[in-house]
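Okay, so here's the structure we're looking at.
Reminder, nothing fancy here: chain letters follow the sequence lines and each chain counts from 1. None of the values given here were measured: they were computed from a predicted structure.
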2 protein chains.
Amino acid sequence: MLIELPRQTEVFGSVKIHELQRILKLDSGGFENPMAKDIPFDELKDVLKRFAVIIPTKDEKIHLLDGVLRAIPFDCTVIVVSNSKRKEYDLYKMEKEAIASLHERVQQEIIVIHQKDPELGLAFYDAGYDYLLSKNGLVRNGKAEGMMIGMLLAKSVGKDFIGFADADNYIPGSVREYVLDYAAGFCMSESPYSMVRLHWRYKPKVVEDKLYFKKWGRVSEATNRYLNLLLSTNSGFETGVVVTGNAGEHAMTTKLADIMCYSPGYSVEPYHFVYLFDVFGHKAEKIAYPNAEAAGVEIFQIETLNPHIHEEKGGKHIKNMLLGSLCTIYNSKLCNDYVRSKVLEELGDILDPWEKPPEVTVMPPIGGIDADRFMNVLERKSETLERYEETRR
Amino acid sequence: MLIELPRQTEVFGSVKIHELQRILKLDSGGFENPMAKDIPFDELKDVLKRFAVIIPTKDEKIHLLDGVLRAIPFDCTVIVVSNSKRKEYDLYKMEKEAIASLHERVQQEIIVIHQKDPELGLAFYDAGYDYLLSKNGLVRNGKAEGMMIGMLLAKSVGKDFIGFADADNYIPGSVREYVLDYAAGFCMSESPYSMVRLHWRYKPKVVEDKLYFKKWGRVSEATNRYLNLLLSTNSGFETGVVVTGNAGEHAMTTKLADIMCYSPGYSVEPYHFVYLFDVFGHKAEKIAYPNAEAAGVEIFQIETLNPHIHEEKGGKHIKNMLLGSLCTIYNSKLCNDYVRSKVLEELGDILDPWEKPPEVTVMPPIGGIDADRFMNVLERKSETLERYEETRR
């Protein structure tokens with residue numbers, strides 16, 4: 001893979017944010033290049049072998065899920081966390097059948113579980129981590145909750161890198177690229193605490209009877225603007241380095257995933273930045289994570305070669321997305337009155353004049369959970385868990 | 001790569017047509033699999049090193065061309081044959097600049113030439129091959145003509161495999177897959193005379209405000225139906241094996257390319273089949289190509305994992321495409337009265353009752369042209385030819 005070198009990197013406390021880097025070529029020739037980083041396939045492969053791709057899914061077309069699964073590099077472990085309906089007809093059963101039939105031919109390691117599995121609720125309860133549970137003891141609905149389930153399963157099979165992909169992608173080749181881009185980021189990283197966030201080259205929309213290759217959505221634009229403002233007002237130097245505030249496509253080292261706090265709903269992705277700024281961005285009285293502090297946290301932002309075309313569900317709650325994203329910034333420890341007033345201005349037609357953005361729900365780090373024990377509980381009792389192993393070569 | 005084995009292969013004279021094979025996985029684990037063929041990446045790479053990808057282009061958006069070039073596997077040689085406009089503004093110059101700038105970073109071997117280069121006309125004239133030339137001595141307009149220029153350049157740099165890709169593809173990852181699928185076909189082939197034709201999994205169309213994942217176009221459906229009818233009436237056994245009659249995405253061994261006749265316009269792809277049926281499908285009085293006859297000609301049909309989304313230009317002359325495709329079948333030596341009457345029926349609303357489908361223009365094999373000499377002429381005099389070499393590793 002051949003990828004642009006970042007010309008600029010913003011350093012904020014112990015957080016490094018690299019400028020957007022373009023994928024120049026999906027493979028490469030392995031020669032000296034002053035303008036770009038050449039990553040041999042073997043290096044990518046080494047990362048992929050230690051990589052789990054988590055696919056949270058809910059009532060997606062089986063066709064799309066099948067295409068995505070066929071595109072993900074073989075060396076990764078795939079973890080499907082489904083919250084699909086099981087009443088009327090059992091869509092989860094069909095998903096499992098599709099996965100079983102694919103696995104029979106492909107033999108890639110795949111783990112699949114249902115978000116509403118009662119044993120999953122019990123396993124979290126048993127681990128003393130009840131932040132994901134609703135009153136009936138089951139894991140709540142929500143993609144962020146599904147992602148966290150996936151992260152624990154990834155840890156239980158000993159993976160060092162965790163990345164996310166959506167099941168509603170029309171272009172299998174794009175999903176494949178996302179995973180390779182993640183791996184490229186980790187190949188470039190110098191810290192065991194790092195994160196890769198993708199920026200789609202285009203996100204085509206159907207406009208009248210044609211495809212229009214949009215680059216930025218309204219929400220992303222606003223999220224990035226205020227994340228940059230938060231950064232600028234604290235460092236004293238204006239910056240536009242953040243361009244992936246809402247990046248659903250992202251990956252982390254397990255070490256970083258272990259010390260992150262997570263936020264549910266639309267705030268999950270921008271909250272990554274806010275959390276890292278809050279914890280690592282300035283001299284704190286008490287250092288919470290001395291190892292990460294010493295090694296530094298590295299964030300890579302990579303522009304994909306492929307466009308992103310996914311299922312348009314309509315009713316995308318633009319207002320809720322904007323509110324969910326910006327409330328993370330408003331509630332940051334680092335947010336001053338000026339940034340707060342700007343955020344309130346942006347939310348002018350969403351909030352009433354006397355309203356404030358809601359508090360951010362924060363789910364604490366999962367690093368303390370014993371993932372082996374978590375998996376043991378599930379393996380003994382879960383009805384929905386299925387593990388398809390990689391055939392030994 | 002993991003690809004389905006064909007369950008059935010039709011043999012017609014010395015032509016073997018394999019049933020459609022699906023790509024199960026873009027990479028694979030290298031284990032024994034009774035249901036699928038596992039092709040290790042190293043084998044694909046061996047083919048790619050001997051492979052030229054020809055991109056005929058005309059007034060395409062530079063953005064799209066750039067994406068396609070960045071996606072094509074590094075080990076291939078890329079040959080861009082442009083027929084873009086040079087008056088008003090010189091689009092060809094911009095294409096060359098984009099290619100030069102990409103090459104500077106990527107260092108892949110790329111050859112580019114303009115279809116209307118007077119020296120190109122002269123080189124063909126010099127080779128005694130004037131079937132592509134118009135009265136002014138320049139190569140005619142047309143994609144088929146551009147493809148033939150590309151084939152000669154591929155031969156001149158000693159490539160063993162030649163494949164085609166369009167420059168108007170919205171999904172770089174799809175183009176990448178096409179080239180890998182071609183390579184997979186050649187890895188499976190047992191004859192030095194073989195051809196790989198791709199069948200898109202879907203070809204999405206914008207229908208109202210949504211994408212509709214179409215599988216078959218009206219023209220393809222008709223072309224395949226009559227190619228199969230031609231085959232069935234001659235073999236005496238009904239078959240539906242041909243599903244890639246109009247496959248613009250196809251590749252050939254240079255050995256096969258050397259002995260093929262070509263037809264211009266919309267008939268170029270279906271004519272491949274008709275030509276092979278006519279020459280190799282039955283006992284001829286005189287064997288024209290004994291080596292190919294002895295080795296057999298193998299045709300692979302592969303279903304891509306990725307959908308095909310390309311620039312919709314509108315004004316696709318469905319009627320002309322249908323006429324262009326079916327006239328190859330009508331004019332086949334093997335076409336009997338029954339098939340002819342069926343073709344005429346299909347063309348009922350295109351042709352008047354007293355009209356017959358036009359004769360097929362046939363351009364004879366290029367195997368006799370001295371490709372080195374052809375390239376020498378160009379290298380000495382051509383103003384538009386540019387060769388960007390691969391940096392030695």
Segment of E177(A) engaging chain B (4.5 angstrom heavy-atom cut-off): neither

Pairs satisfying side chain to side chain donor-acceptor pair (under 3.5 Å), at least one member in residues 94-103 of chain A, at least two apart: S82(A)-E95(A), S84(A)-E95(A), K93(A)-E97(A), K96(A)-E386(A), S101(A)-R105(A)

Heavy-atom pair of closest approach, residues R201(B) and G67(A): NH1-CA, 4.0 Å

Segment of L2(A) engaging chain B (4.5 angstrom heavy-atom cut-off): side chain

Distance, nearest 0.5 Å, that separates CE of M1(A) from CZ of F74(B): 14.5 Å

From CZ (R70(B)) to CG (L24(A)), nearest 0.5 Å: 6.0 Å

D27(A) side chain near R176(B) side chain, heavy-atom distance below 4.5 Å: yes

Test item: I171(A) and I309(B) side chains (from C-beta on) under 4.5 Å apart, heavy atoms: yes

D66(A), part contacting chain B, at a heavy-atom distance under 4.5 Å: side chain

Part of A71(A) lying under 4.5 Å from any heavy atom of chain B: both

Pairwise side-chain contact, S28(B) with V106(A), heavy-atom cut-off 4.5 Å (strictly under): no

Chain A contact via N306(B) - which portion, at a heavy-atom distance below 4.5 Å: both

Part of E104(A) within contact of chain B (heavy atom distance under 4.5 Å): both

Sub-4.5 Å side-chain heavy-atom contact between K25(A) and Q107(B): no

